[in-house]
Amino acid sequence: MQAQSISTVEKMASQGYARRFSDTVASLKIQQQALSLAIKNKNKEDEVICYSYLALTQRRLLHLKEFLHYADTAYYLSQNINKIRAKAYAAGAMGSLKSYIDDKPQALEYSLEAYKLFSKIKAHDQCAKIASDISYLFSPASPPKVEKYAREAMVHAAKSGDAESELYARLAFGSFLTDKLETGGIADWEAAIDFFKETVSLAEKKSDQIVSKSNIGIAYINLADLYTKSPQPIDEKAFLKNLEKATAIAKKYNVKIIYRSAIGLQGYYFTQKGDYIKAELLFIDGINYQKSLPYTDNYLLATFYSSLKDVSVKRKDFQAYYGYDTLYAKYNQLKYNESTQSKLQNAEARYESSKKAERIKQLELENELQQKNKLLGYAIAGVLLIGLIFMFRSYYYRQRYYQNREDFLKQEQANSDLKVQLMEKETIENLSARLSLERRLLRSQMDPHFIFNALGNIQSMILQKDTIPAVSYLNKFAKLTRQVLEQSRKETISLEEEINTLKNYIELQQLRLNNGFDYVIECDDAVETDVLIPPLLIQPFVENAVEHGLKPQENNVRGRIEIYFKEDETGQSLICTIKDNGIGLAASGKLKINDAHQSLSTTITEERLTKMQKENPDAGFTVKERDPETDGQGCIVIINIPILQ
């Protein structure tokens, strides 16, 4: 699908929205003019887009009531038109509203809908911003999804060529890198530092193209904050330089959160350093600046007075502490009152939004019912008219009709009885075949030789008084047995469950063979571990690799099994590749001539995959030798596993 062109009205609304920071009055005026023009032209798509921009502007102004009105209007108008761009804007506005009123599940649902729609029309600038917001919404519950959407935001921003979108996306990815530092080392810290240096450099070069100046300040704040997390001695010069730049932006554009963060970081740094006088002056300067503004930020003042209390304690100036504590208690109470009021407003907004949605659905159902009743009335009138026309012929055909109907019902009853008998027979046969296959599958998974060897090893450990290894071995064996029993009764399991079962089985084989081989299980980045697949397909091939490949191997060779998962090009199948460095197919075939043990696992697995080919033609597996010259000695098994819904 090609990128859709932008109408004159949308450009006008976008230009008005871009002035929301510099001139709020002009911003709203231009957007209202664009809305009036859309209504005059009777263009519902432009009308929805204008309402969406007005909603986002009201969020900037912290006007919750107007924000709710415009977002709801945009979304429900969009449901009556078939325009992807309008639906995308409306869903984005609703996602922003739900995020604002702390309804994260709904925010995610609407934002993902908007992201999908904008992706269809290749609106890369919008995709970059919404993917960034989705990344924040998934934090901290799902780090993989945080990374996924942050990276996608970066890709869309690069394609858009829009400096503001690029900075927005880089801040989201930078947030992900910063979160990684909790478990990372110096290399992760250096990578995050380099990334934010590039980000502030981009912001400085393209500052004229970036409307949201607060994002530039956030970039400086994040870079300065990273210096405080340094595993090395802090670079004070770089730290203070970035905070000075952030403070300058905060004062110039009146961005409260940037100013608060900059002053707080500097004060905290000098407090930790022991320079209490400088820290106290910074906090007092922040208080004086805030009091000079035409409005009062109680949260900011409470934070500064709390910091001054900490400095007073460290200086042992308890008289100053008492004064600061009195003021802190005052503004903290005011902050608490504001927070409570905000929560009540958010709760009320959530209630109003859900009530409006229910009312609109009810009206839609009523309209649909009225339409059906209208059509039903026409149908009844038509039937009555036809009945009057053909009434005089009814008596003759009535007797004939009942006789034919009676014959037909008898025949239909006979056919139904026959179908029921056939279905019962087929159901019993299918159930019998399925139970037989399940029993054979269970036997193939829990090979008697493997069970006897496992129990023998446990007995040997107990006799040798190796209690801890015996208990570990027994726990793994019990867990594997339970997993196989449970999964053999299931139609599908997740890839994660299959991998856990494979790990238990391989670790038992390692213990049985005195830890004589290594293994690795890896998934491609594109593979989701919660995809559903048929159970117990892979273990028989791992068993063959151990028994017929690694076990006969010479003692001086360290065995290794490698298992890799990736999706095929269609995304409908999972490709599992199993490699071993055993003796290979030819040598294994010679040894099997004298081996009385016959494993049915591969045969049963082949039968299962053959049955799946009716719905998944690509299902199956191949076994081949590894090329000794390029890939080393051993065997490769490639299994094409269908992904089930």
Under a plain distance cut-off of 3.5 Å, with no hydrogens placed, do Y519 and Q509 share a side-chain donor-acceptor pair?
no
Checking E567 side chain against Q572 main chain: does a donor-acceptor pair fall under 3.5 Å?
no
Carboxylate-amine/guanidinium contact D524 K566, below 4.0 Å:
no
Would you say R608's side chain and L536's backbone share a donor-acceptor pair under 3.5 angstrom?
yes
Basic-acidic side-chain contact under 4.0 Å: R512, E547:
yes
Are K490 and E486 ion-paired here, with the side-chain N under 4.0 Å from a carboxylate O?
no
Test side chain to side chain contact (heavy atoms under 4.5 Å, CB included) on M612 and L609; report intermediate values, then the result.
CA-CA 5 Å; M612 296 174 195; L609 290 170; 4.0 Å; yes
Measure across A153 and S132 and return the closest heavy-atom pair with its distance rounded to 0.1 Å.
CB-OG, 3.4 Å
Taking atom CG of D188 and atom CG of D179, what is their separation to the nearest 0.5 Å?
12.0 Å
To the nearest 0.5 Å, tell me how far T622 OG1 sits from I638 CD1.
4.5 Å
Would D225 and T228 count as a side chain to side chain contact (heavy atoms under 4.5 Å, CB included) if you check the C-alpha gap in whole Å, the side-chain angles of each, and the deciding distance to 0.1 Å?
CA-CA 5 Å; D225 184 51; T228 65; 3.4 Å; yes
So CD of E113 and CG of L108: to nearest 0.5 Å the spacing works out to 13.0 Å
Can you tell me if Q613 uses its side chain to pair, donor with acceptor, with the backbone of A619 under 3.5 Å?
yes
With heavy-atom distances below 4.5 Å as the criterion, would you say the side chains of L513 and L550 are in contact?
no
With a 4.5 Å heavy-atom cut-off, do I639 and T605 have their side chains touching?
no
Measuring from L508:CG to K503:NZ, what's the distance to the nearest 0.5 Å?
14.5 Å
Quick one: does R558's side chain get under 4.5 Å of D518's, heavy atoms only?
yes
Is there a side-chain contact between I499 and C523 in this structure, where contact means two heavy atoms from C-beta onward sitting under 4.5 Å apart?
yes
Let me confirm one number: the CD1-CD1 distance from I521 to I563, rounded to the nearest 0.5 Å.
4.5 Å
Should V155 and K159 count as side-chain neighbours, where that means a heavy-atom distance under 4.5 Å?
yes
List the atom of G95, the atom of A107, and the distance in Å for their closest heavy-atom pair.
O-CB, 3.6 Å
Taking A586's backbone N and O only, do any of them form a donor-acceptor pair with E625's side chain (distance below 3.5 Å, no angle check)?
yes
Would you please test K476 and L511 for side chain to side chain contact (heavy atoms under 4.5 Å, CB included) and show each step?
CA-CA 10 Å; K476 290 180 180 294; L511 289 171; 4.2 Å; yes
Does R170 reach the main-chain N or O of F195 with its side chain, forming a donor-acceptor pair under 3.5 Å?
yes
Examine distances only and state if a side-chain atom of S139 and a backbone atom of Y136 form a donor-acceptor pair shorter than 3.5 Å.
no
Any chance NZ of K479 has more than 12 other-residue heavy atoms, nucleotides or ligands included, within less than 6.0 Å?
no
Does a donor on one side chain and an acceptor on the other come within less than 3.5 Å for T501 and Q539?
no
Is it the case that the side chain of D194 and the backbone of A191 share a donor-acceptor pair, with hydrogens and angles ignored and the cut-off at 3.5 Å?
no
Within a radius of less than 6.0 Å around CG of L463, do more than 12 heavy atoms belonging to other residues, nucleotides or ligands occur?
yes
Quick one: does S99's side chain have a donor or acceptor within less than 3.5 Å of a partner on S96's backbone?
no
Looking at side-chain heavy atoms only, is the closest gap between Q483 and Y505 below 4.5 Å?
no
Distance-minimising heavy-atom pair for S119 and C127
N-SG, 3.4 Å
Which heavy atom of M94 sits nearest a heavy atom of Y75, and at what distance?
CG-CB, 3.4 Å
Are any of the side-chain heavy atoms of N222 and T178 separated by less than 4.5 Å?
no
Shortest non-hydrogen separation from C635 to V623 and the atoms involved
SG-CG1, 3.6 Å
Quick check: closest heavy atoms across A74 and S52, and the distance to 0.1 Å?
CB-OG, 3.5 Å
Plane angle bin for Y149 and F138 - parallel if under 30°, tilted between 30 and 60°, otherwise perpendicular
parallel
Do K129 and D133 sit within salt-bridge range, that is, some charged N less than 4.0 Å from a carboxylate O?
no
Take atom CG in N82; do more than 12 heavy atoms of anything else shown fall under 6.0 Å from it?
no
Rounded at 0.5 Å granularity, tell me how far NZ in K120 sits from CZ in R85.
15.0 Å
Counting only N and O atoms by type, is there a donor-acceptor contact under 3.5 Å from the side chain of N616 to the main-chain atoms of D618?
no
Are L177 and F196 side-chain neighbours, meaning at least one heavy-atom pair lies under 4.5 Å?
no
Step by step, would you call N640 with I575 a side chain to side chain contact (heavy atoms under 4.5 Å, CB included)?
CA-CA 5 Å; N640 192 311; I575 306 300; 3.5 Å; yes
Provide the full list of ring-ring contact (aromatic ring centres under 6.0 Å, His included) pairs with a residue in residues 606-631, sequence neighbours left out, each pair given once.
F541-F621
For R626, does its backbone N or O pair with a side-chain atom of D631 as donor and acceptor, under 3.5 Å?
no
